[in-house]
Amino acid sequence: MQNLAILRPSISNASDDRRFMTRPGRIQGSCAGGVGPGSGGWQERMLVTFLLIPLLVVSCAAVPTSEHDAVVQPDSVPLPSPAYYHFLQGYLAELANDVPKAVAEYRAALHYDPKSAFLRVRLAALQFLSGNMPKAMAMLDQIESAQVRDAPVLVEMAKIYAGGGQFDRALGLYDEAVRLNPERGETYFDKGVLLLNLKRPQQAETVFTQGLEHAPESHFGHFYQGKALEAQEKRMEAKEAYRRAINRAKRFEPAYQALLKLYELDEDLQAAIQLYHEFEVSVTPRDNTFRKDFVRFLVKQKDYGQALDILEQMIVDEPQDVKMQIQRALVYVEMEEPHRAVTELEGILQAHPSELRVRDYLGWLYEQIDDVEQALDAYRTNIDLDATFYDSRIHLGILLYRLTRYEEAVQHLTRAAGLKPGNSETHLLLGLSYLQANAFQRATSAFEKGLEYHPNDEDLRFNLGAAYDKLDRFPDVVREMEAVLALNPDHTDALNYLGYSYADRGIKGEEAVELTRRAVALKPDNGAYVDSLGWALFKIGKVTEALRELQRAAELVEDDPVIFEHLGEIYLIQEHRDAAKAAWIRALELDPHNEKLIKRFREVGFGGRRDGGQAQGPAPTNNTGSPSP
């Protein structure tokens, strides 16, 4: 069954805050195929239809009884036949939520009136609501819809077919229902909701407009017209439609919520405040769903004072609602007052020590105020209370990774991966921890495992390629980097990594230049990318251009030893020995354990090594005085 996104919300009646389910009403016509006036049977004496109990998937949810649907009271109906008797028993069973008995009684009624389309639709609806779609569809398929002359019956058939994914058939039934009774506005609205679910908002708008011609006071119609307009990015018209819905039903909450959302998108704080106060007066001052939405909007607008005032009132109204207290703490975070947030959450934990999620939030806050030991303790306490609590497992693993305690990080990230094996982030973090611990084979295993669940994850593929590089599996490196670029041609890290790898190995020089040049074009101020481009140009003999790029890289990143090592090589080729020596000394200051460069430094006659691994010679503090390209 296709899960459609747009569901009709519940409606509040203007004079009563209770929710209404659709009630039975009269049909002006026949329920049986081809049966009309004078045809006999219980339909002639009392023709009754049920609008379906709200379908779980599409269109109509609870609506107030309209003035056009006269409610049939069972005690006002004569008992003229066995069919009606069993129908009545089924109706009462439905009201008591006794679905098996209702099905049995409707089947008994159908025995006495086997041509009744109405009874078959009623049975199909019950099967549908029970989750038995095959039986529901089979029951409908027994009805010759062309012989059904009652628009409400056709509408209910359409709803079931839509719920079963037969959308074209449902739309055809709606059209036939409109043809039979073109003045029934609800038919248009039901069809329009289906079109919205099918992401056909322009058609839906047309249908809602047609329905409003027949039912101009329907707040439902105006509301869904607004939904169709909003889906087409017609915000101003959508706001007007939602306002019309509110004007026709002052307590219709969904219209307020939809209008608030548009005010939020437009960042219209004053209009949102006015709407909030209108909602308090017309609907209720204690609707937490609407208040939460409004608080979120206020925080986004940095109106923290009013947001906190509303949260305070919500906490007074529902002092046991821990979520509201957490929300207040998060407002403090937005206000950049983490210590107030910590105090708030610590107070919650004193009253509710088993609230793992609160303690997990608190651990994160401890990290924000650099109280690492408290953060570690919060996460570990949660794990002691519940070893399967994923959030604290992964947060502890991440914190240990940041603290370069990779072996401990691996332990917790491994457990986290076992708890949620389909989470790509866990495998990524585990692989990175293994990389930092120089456990390259295990790193590749972690990345490969993640890719079993997420084969198109760019981060997993990129880091798998980097891990293969550590294992000298260059063909695998190329394969993974090319796979990343196939997924995202503008993945700058992959462009740079592959291009530099080619250049450093002295292969595919022109492609190396092309790849690194693309990376620099996307991020021109990334010093590492500029260095890679310079090195690739140097490798194909374009020394002057290479020197220009490497000098710019050194200006962008002043503490990268690789850049100064490359710069020294180019100066040496150009026989600028003093500049080459200065560049290499700077590289060795930044990386005194670069044995390859130390050896190269001595081979070209720049001298030996000082204590601490640095090459002899003065150490310039910048790159000024270097020769121009």
Side-chain angles (χ1 to χ4, degrees), residues 253 257 276 280 284-300 302-403 408-409 411-420 422-423 425-426 429:
E253 298 173 30
Q257 292 166 341
Y276 176 73
E280 283 188 304
T284 172
R286 290 182 171 80
D287 184 284
N288 276 356
T289 299
F290 192 78
R291 288 197 287 187
K292 287 175 186 175
D293 289 342
F294 187 53
V295 165
R296 186 191 67 247
F297 178 44
L298 291 171
V299 171
K300 185 178 177 181
K302 302 186 185 304
D303 190 343
Y304 302 123
Q306 190 167 185
L308 287 173
D309 288 344
I310 295 173
L311 283 171
E312 293 287 351
Q313 186 58 54
M314 294 171 73
I315 291 169
V316 169
D317 292 342
E318 298 187 37
Q320 299 305 313
D321 190 341
V322 174
K323 291 180 181 179
M324 291 300 95
Q325 298 171 55
I326 294 173
Q327 185 65 40
R328 182 166 60 184
L330 295 178
V331 173
Y332 292 145
V333 172
E334 290 290 331
M335 297 170 65
E336 298 183 358
E337 296 185 22
H339 289 88
R340 288 183 71 183
V342 166
T343 301
E344 179 80 26
L345 294 184
E346 286 176 341
I348 296 172
L349 280 178
Q350 287 181 357
H352 306 278
S354 62
E355 285 285 347
L356 302 184
R357 197 161 300 283
V358 173
R359 189 176 287 105
D360 192 68
Y361 283 149
L362 189 57
W364 175 78
L365 281 172
Y366 285 139
E367 289 190 61
Q368 307 314 300
I369 61 176
D370 296 322
D371 194 340
V372 172
E373 290 306 317
Q374 286 275 50
L376 291 170
D377 182 66
Y379 297 140
R380 285 175 173 148
T381 298
N382 270 0
I383 292 170
D384 290 341
L385 290 170
D386 183 355
T388 66
F389 188 59
Y390 171 83
D391 289 3
S392 287
R393 277 282 182 198
I394 193 167
H395 293 157
L396 179 56
I398 293 170
L399 179 55
L400 291 167
Y401 177 91
R402 287 176 46 219
L403 296 172
E408 293 178 77
Q411 294 175 15
H412 291 286
L413 291 171
T414 300
R415 290 292 302 274
L419 292 170
K420 289 191 177 181
N423 190 310
E425 180 187 29
T426 312
L429 291 166

Heavy-atom pair with the smallest gap, counting every atom of [X] and [Y]:
X    : Y    : value
A341 : V333 : CB-CG2, 3.7 Å
Y401 : A409 : N-CB, 3.8 Å
E355 : L349 : O-CD2, 3.6 Å
L308 : V331 : CD2-CG1, 3.7 Å
A329 : E344 : CB-CG, 3.8 Å
V358 : V322 : CG2-CG1, 3.9 Å

Hey, does [Y] have a side-chain heavy atom less than 4.5 Å from the side chain of [X]?
X    : Y    : result
V316 : E312 : no
M314 : Q327 : no
Y304 : L298 : no
R357 : D391 : yes
Y379 : D360 : yes
H412 : I383 : yes
D371 : L365 : no
F389 : L419 : no

### Query
Counting heavy atoms not belonging to H339, are there more than 12 under 6.0 Å from its NE2?
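12 or below, so no.
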### Query
So does K323 have more than 12 non-hydrogen atoms from other groups sitting under 6.0 Å from NZ?
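Not more than 12 within 6.0 Å, no.
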How long is the straight-line distance from [atom2] of [Y] back to [atom1] of [X], given to the nearest 0.5 Å?
X    : Y    : atom1 : atom2 : answer
H395 : E367 : NE2   : CD    : 8.5 Å
R328 : I315 : CZ    : CD1   : 3.5 Å
H352 : L345 : NE2   : CG    : 12.0 Å
T343 : I348 : OG1   : CD1   : 11.0 Å
R359 : E346 : CZ    : CD    : 11.0 Å

### Residues D317 and Q313: side-chain donor-acceptor under 3.5 angstrom
yes
### Query
For Y390 and N423, does a side-chain donor sit closer than 3.5 Å to a side-chain acceptor?
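Yes - a donor-acceptor pair under 3.5 Å links their side chains.
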### Query
Do D293 and R296 meet the salt-bridge criterion of a basic N to acidic O distance under 4.0 Å?
yes
### Query
Is it true that K302 and E334 have a side-chain N and a carboxylate O under 4.0 angstrom from each other?
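E334 and K302: not salt-bridged.
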### Step-by-step salt bridge (Lys or Arg N to Asp or Glu O under 4.0 Å) determination, E318 to K292
CA-CA 13 Å; E318 298 187 37; K292 287 175 186 175; over 6 Å; no
### Message
Given R291, which partner from the list T284, I310, L311 fulfils the side-chain contact (heavy atoms from CB on, under 4.5 Å) test?
### Response
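Testing R291 for a side-chain contact (heavy atoms from CB on, under 4.5 Å) against T284, I310, L311 leaves exactly one candidate, I310.
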### Query
For the side-chain hydrogen bond (donor to acceptor under 3.5 Å, both in side chains) test, which of N382, D384, T381 pairs with S392?
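That would be N382.
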### Message
Donor-acceptor check, side chain of Q411 to backbone of G397, threshold 3.5 angstrom: yes or no?
### Response
no
